[in-house]
2 protein chains.
Amino acid sequence: MAKATDGNGTPVPQRLLAAATRLFAEHGYDRTSVQEIVEAAGVTKGALYHYFGSKEDLLQEVYARVLRLQQERLDAYANAEAPIEQRLRDAAADVVVTTIENLDDASIFFRSMHHLSPEKNKQVRIERRRYHERFRALIEEGQRAGVFSEATPADLVVDYHFGSVHHLSTWYSPDGPLSQQEVADHLADLLLRALRP
Amino acid sequence: MAKATDGNGTPVPQRLLAAATRLFAEHGYDRTSVQEIVEAAGVTKGALYHYFGSKEDLLQEVYARVLRLQQERLDAYANAEAPIEQRLRDAAADVVVTTIENLDDASIFFRSMHHLSPEKNKQVRIERRRYHERFRALIEEGQRAGVFSEATPADLVVDYHFGSVHHLSTWYSPDGPLSQQEVADHLADLLLRALRP
DNA sequence: GATCACATACCGACTGGTTAGTCTGCCGGG
DNA sequence: CCCGGCAGACTAACCAGTCGGTATGTGATC
């Protein structure tokens with residue numbers, strides 16, 4: 001038999017992760033039983049506990065994936081060759097787009113983080129902090145250069161923007177009047193407008 | 001014995017609600033057992049199920065209280081006698097202050113809403129929508145008057161601001177460098193600055 | 001190229017513990 | 001004497017994680 005696949009083509013660990021992501025987002029972490037996850041993935045508990053140490057590990061893996069992705073993208077935009085205004089706008093819009101593209105991950109992220117054990121929670125917070133600080137550095141760079149207002153501490157500006165990103169999973173619907181890109185452009189625009197000197 | 005009080009002075013239903021609020025915020029709705037709630041309130045299950053139909057009713061009551069409070073305050077600021085810029089700024093800052101003052105309620109609100117049954121969830125959404133629309137009306141009024149930019153749809157501006165409010169429970173700490181009022185002023189300022197024509 | 005040893009991948013019944021909600025009954029004041 | 005207000009034991013259901021077992025693949029040895 002091929003390694004860890006089954007009738008379906010995709011490997012079992014990934015199928016489990018995908019099923020867990022969908023179910024966690026739909027019913028919440030605590031309301032999703034391990035039994036439901038393995039059924040949705042077409043395997044049994046034995047398979048899950050063969051690849052993952054616990055139900056919590058599954059949740060942490062969802063986080064880890066999202067964080068890696070977002071950090072990579074932020075770094076790419078932040079380190080690009082362009083005026084600071086442009087780099088911040090691109091980064092701010094991109095995080096909106098990728099969040100919308102992974103709305104399930106986003107809602108899990110913000111609703112279920114406190115379900116992680118203290119150590120794993122700490123780990124996630126550290127990664128989040130790195131992301132936050134890279135973003136803040138962009139704003140401070142613009143403030144020093146005089147293109148952004150210094151009326152508001154950069155930290156607060158970051159939280160202001162991420163608040164709106166965080167909030168997306170509450171209200172954004174692909175069936176709504178605005179496309180992903182339109183929402184992203186508007187939100188980035190609001191940020192840049194708020195930062196005008 | 002006096003009616004519904006016990007050794008403590010405050011009535012049992014309120015004690016239950018207060019205990020539930022604190023515990024829900026601390027450990028999450030699902031992780032809080034009914035047993036823990038009644039112990040924290042100094043009563044037993046008999047008392048809880050005497051006053052509340054279910055654990056879920058307790059959660060809904062927390063929501064209802066917060067919503068009533070916020071709606072009242074918004075109406076007061078929105079209908080005041082002042083230029084639209086001032087009214088929006090006051091309302092935007094006030095919602096930040098009252099949210100910080102009730103951070104427990106806020107984190108419950110945004111983390112546990114999906115634990116409510118469909119009917120109760122619908123009820124809460126209806127109330128939230130009313131709040132959202134009153135706020136939006138303020139922005140549209142300013143846009144029509146020409147004092148706010150029309151570059152962004154008012155709906156989106158509302159979600160942008162509420163995103164940051166929503167997000168407060170994630171990062172705000174009373175021990176931090178900023179007081180409630182300072183945060184509120186900064187966030188309201190960011191909103192108004194973003195809306196400059 | 002047949003056999004053996006061992007590992008990987010998975011199955012599914014079982015266990016120990018927890019939980020929301022029920023129900024019977026006591027107790028004291030009006 | 002009756003009823004609101006509450007106590008607390010009880011139940012029925014559920015659930016994460018375990019564990020012994022099976023099947024298939026892989027590499028070494030003769």
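The sequence lines fix the lettering, A, B, ..., with proteins before strands; numbering per chain opens at 1. Atoms considered below: every heavy atom in the structure, side chains included; atoms not considered: hydrogens, waters and symmetry mates.
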Checklist entry - Looking at side-chain heavy atoms only, is the closest gap between A:Q71 and A:R68 below 4.5 Å? => result no
Checklist entry - Touch check for B:S33, heavy atoms < 4.0 angstrom, all strands: base, sugar-phosphate only, or nothing? => result sugar-phosphate
Next on the checklist: Given the ring of B:Y49, does B:K55 sit roughly above its face, with NZ or CZ under 6.0 Å from the centre of the six-membered ring and within 45° of the axis?
Outcome noted: no
Checklist entry - DNA chain D: A:G46 or A:Y29, which has the more 5' nearest nucleotide? => result A:Y29
Next on the checklist: In this structure, how many angstroms lie between the P atom of D:dA16 and the CG atom of A:D57, rounded?
Outcome noted: 14 Å
Item to check | d(CG, A:L48; C1', D:dC15) in whole Å | outcome: 14 Å
Next on the checklist: Nearest whole Å is fine: how far is C:dT19 P from B:E36 CD?
Outcome noted: 7 Å
Checklist entry - B:I37 has an atom CD1; how far is it from atom C1' of C:dT18, in whole Å? => result 15 Å
Item to check | Minimum-distance nucleotide (side-chain atoms of B:V34 versus C:dC11, C:dA20, D:dA16) | outcome: C:dA20
Next on the checklist: Taking donor-acceptor contacts at under 3.5 Å, does the side chain of A:K45 reach the base of D:dG17?
Outcome noted: yes
Checklist outcome for this item: A:T44 has its side chain closest, among C:dT8, D:dA7, C:dG12, to C:dG12
Checklist entry - So, are A:R22 and A:D104 salt-bridged, with charged N and O less than 4.0 Å apart? => result no
Checklist entry - Run the side chain to side chain donor-acceptor pair (under 3.5 Å) check on B:S149 and B:R196 step by step: do they pass? => result CA-CA 6 Å; B:S149 159; B:R196 280 175 299 172; over 6 Å; no
Next on the checklist: The side chain of A:H50 is closest to which nucleotide in this list: C:dA9, D:dA16, C:dA20?
Outcome noted: C:dA9
